[in-house]
Protein chains: 2
Amino acid sequence: MARKTGSSGEKTASDLQLAATKLFARHGYAAVSMRQIAAEVGVQAGALYLYTPDKQSLLFDLMHRHMQELLDAWQVESGNLPNDPKSQLVGFVRFHIRFHLKRVDEVFIAYMELRNLSEDNFASIANQRQAYENQLKAILKSGVESGKFNLADPKLATFSIIAMLTGINTWFRNEGRLASTSVEDIYLDMVLGIVCCKSRPQPD
Amino acid sequence: MARKTGSSGEKTASDLQLAATKLFARHGYAAVSMRQIAAEVGVQAGALYLYTPDKQSLLFDLMHRHMQELLDAWQVESGNLPNDPKSQLVGFVRFHIRFHLKRVDEVFIAYMELRNLSEDNFASIANQRQAYENQLKAILKSGVESGKFNLADPKLATFSIIAMLTGINTWFRNEGRLASTSVEDIYLDMVLGIVCCKSRPQPD
DNA sequence: CTTTCTATTGAACACTTGTTCAGTTAGCTT
DNA sequence: AAGCTAACTGAACAAGTGTTCAATAGAAAG
């Protein structure tokens, strides 16, 4: 019935983001209740509505913020790279892996919870995903046009590369047998195999 | 309060599988109620318990059956292929794409609903997934050992290839600009680029 | 010290959930 | 026609859901 001693709106808001990210990633949006999130934060469910209009907005805000951070971070990173397609691709692959391995829960939510978004929210996040995909597609197209990449379909190559890179999050463990830098090197090798190989053996 | 005219246990059981597959894929396990599934079947929720002990078993059975069909089908297919690693890999890629594009909802559920499985059920499905992954891993290892494939890490290559192949289901549409056979060819090209390229340009 | 604002509590509200089962009707067998 | 079985209904049960808001205590400002 009363304000908690030491309570701070700023801290509760931050705790809410963290708790929601953790529980949505672990159990799924629909399987987690506002009461469970509140318990993780250390408040009652009613208190959450001071920080989010509703549950759907909570999910959307998490996803939107993550995707925006991804886009912004790549904008900065790509500006620091040489402009030729190969340097851009190498940079993109390393950036993607580093960024995603630092945000396991956010990445998981961004890819797994699209179905739980309302129509408008879905469209917004889909636009962000496409913006990110377009970054890689532009790199691949540029490489094909300059003759450095050998790709039958840059759009499909974009989907393939992002799928395989994002797939790292499903198995990578910090304490596993491979350092993340090794993972970067190995995946880079495979991606370059996809885009650059000019004398690959023909199927059939 | 009474049996429906024309009702047949066999038909209802089949309808239940189809309805559950469709709704779990579209909305997610936790977001779909037994009442909604029953409505799709054309019965009341209570009737479903003649065909499944509970909701969790319903999900598990769908996933388990799908994975078993996948494993069985590959067993048959691989027996029809020449035994050299390249033929096996080419066969695997084509098989994977064909099989998965015919079962969009099942594939979706198999990959998206793992979190909603109980611990024991999860372990069972995880074993099946690993069995399937091991098929590809064995092909890749064999290729490396015979000198035909050039891979730093066959295990990671396995994860990568399966991620990119399974990713096709997230965008492919039968009415899209590409026939599924073209998709097969393009993805095969990329996979061969990953495994076979001997003179790929070095990064950095 | 008083006043104002912030941040929460706790219960209510309307609704939904998974599951059970006695009763009823349709279909089949004798 | 009678008896038995299959397949369902419909409501109950216990529990939970998202969201609201009047009341209250803590913190900050004057």
Side-chain angles (χ1 to χ4, degrees), chain A residues 1-21 23-24 26-63 109 113 115-121, chain B residues 1-21 23-24 26-63 109 113 115-121:
Chain A
M1 195 70 89
R3 178 172 179 169
K4 279 187 147 185
T5 301
S7 59
S8 149
E10 208 170 316
K11 183 180 187 302
T12 305
S14 172
D15 288 350
L16 171 55
Q17 298 296 314
L18 291 172
T21 298
L23 295 176
F24 285 160
R26 183 168 300 172
H27 304 292
Y29 172 82
V32 163
S33 69
M34 294 297 268
R35 284 168 178 76
Q36 287 173 292
I37 296 171
E40 182 78 19
V41 174
V43 297
Q44 297 271 336
L48 301 186
Y49 293 87
L50 196 65
Y51 305 99
T52 184
D54 52 40
K55 194 184 183 189
Q56 169 76 192
S57 297
L58 181 56
L59 174 67
F60 174 73
D61 289 343
L62 292 180
M63 295 175 78
I109 292 169
E113 301 298 349
R115 285 177 300 177
N116 284 304
L117 290 174
S118 68
E119 200 169 313
D120 287 348
N121 288 342
Chain B
M1 199 69 87
R3 177 174 181 167
K4 281 190 147 182
T5 300
S7 58
S8 149
E10 211 171 313
K11 184 178 186 302
T12 306
S14 171
D15 287 349
L16 172 54
Q17 298 296 315
L18 290 173
T21 298
L23 295 176
F24 285 159
R26 183 170 300 175
H27 304 292
Y29 172 82
V32 164
S33 68
M34 294 297 268
R35 284 168 177 77
Q36 286 174 293
I37 296 171
E40 182 79 18
V41 173
V43 296
Q44 297 272 335
L48 300 186
Y49 293 87
L50 197 64
Y51 305 98
T52 182
D54 53 41
K55 194 184 182 190
Q56 168 77 192
S57 298
L58 182 56
L59 175 67
F60 174 74
D61 288 345
L62 292 180
M63 295 175 78
I109 291 169
E113 301 297 348
R115 286 177 302 177
N116 286 305
L117 290 173
S118 67
E119 201 171 310
D120 287 349
N121 288 343

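All chains are named by letter (A, B, ...) in the order of the sequence lines, taking the proteins before the strands, and each is independently numbered beginning at 1.
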salt_bridge(B/Arg115, A/Glu113) N-O dist < 4.0 Å: yes
Heavy atoms from C-beta onward define the side chain here; which of D/dG26, C/dT19, D/dC8 lies closest to that of B/Val43? D/dC8
Whole Å only: how far is the CG atom of A/Leu16 from the C1' atom of C/dA7? 14 Å
Does a side-chain N or O from A/Thr12 land closer than 4.0 Å to OP1 or OP2 of C/dT8, or not? yes
Counting side-chain heavy atoms from CB outward, which of C/dT8, D/dA7, C/dG10 is closest to A/Ala47? C/dT8
I want to check one thing: is the phosphate of D/dG18, taken as OP1 and OP2, less than 4.0 Å away from some side-chain N or O of A/Lys55? yes
Quick check for you: among C/dT19, C/dT9, C/dT8, whose closest atom lies nearest to any side-chain atom of A/Leu50? C/dT8
I want to check one thing: is the phosphate of D/dT17, taken as OP1 and OP2, less than 4.0 Å away from some side-chain N or O of A/Ser33? yes
Using the side chain to side chain donor-acceptor pair (under 3.5 Å) rule, take A/Thr12 and A/Asp15 through it: C-alpha gap first, then chi angles, then the decisive distance, then the call. CA-CA 5 Å; A/Thr12 305; A/Asp15 288 350; 5.6 Å; no
Considering only D/dT19, C/dG27, C/dT19, which nucleotide approaches the side chain of A/Ala45 most closely? D/dT19
Nearest non-hydrogen partners of B/Gln56 and B/Asn121, listed with the distance: OE1-ND2, 2.9 Å
OP1 or OP2 of D/dC8 sitting under 4.0 Å from any side-chain N/O of B/Tyr51? yes
Assign A/Gly46 to base, sugar-phosphate, or nothing according to its heavy-atom contacts below 4.0 angstrom with the strands shown. base
Are OP1 or OP2 of D/dT20 and a side-chain N or O of A/Tyr49 less than 4.0 angstrom apart? no
A/Val32 near the nucleic acid: base, sugar-phosphate alone, or nothing, with a heavy-atom cut-off under 4.0 Å? sugar-phosphate
Among C/dT17, D/dG26, D/dG18, the one nearest any side-chain atom of B/Gln36 is C/dT17
Nearest-angstrom distance from the residue atom NZ of A/Lys11 to C1' of C/dT6: 16 Å
At under 4.0 Å, does any side-chain N or O of A/Ser7 touch on OP1 or OP2 of D/dG26? no
Nearest heavy-atom approach of A/Leu16 to A/Val41 is CA-CG2, 3.8 Å
Base of C/dT24 paired with side chain of B/Arg3 (donor-acceptor, under 3.5 Å): no
Using whole Å, what does the distance between atom C1' of nucleotide C/dT16 and atom CD1 of B/Ile37 come to? 15 Å
Assert: residue with more 5' nearest nucleotide on DNA chain C, out of A/Arg35 and A/Gly42, is A/Gly42
Please report the distance, rounded to the nearest Å, between NZ in B/Lys4 and C1' in C/dA26. 13 Å
Separation of B/His27 atom NE2 from C/dT17 atom P, in whole Å? 13 Å
Determine: side-chain N/O of B/Gln44 to OP1/OP2 of D/dG10, distance under 4.0 Å, yes or no. yes
Taking side chain as C-beta onward, heavy atoms only, is A/Tyr49 less than 4.5 Å from A/Met34? yes
Would you kindly give the CG-to-P distance between A/Leu59 and D/dG18, to the nearest whole Å? 13 Å
Quick one: are B/Asn116 and B/Phe24 in side-chain contact, heavy atoms under 4.5 Å? no
Would you kindly give the CG-to-P distance between B/Leu48 and C/dG18, to the nearest whole Å? 10 Å
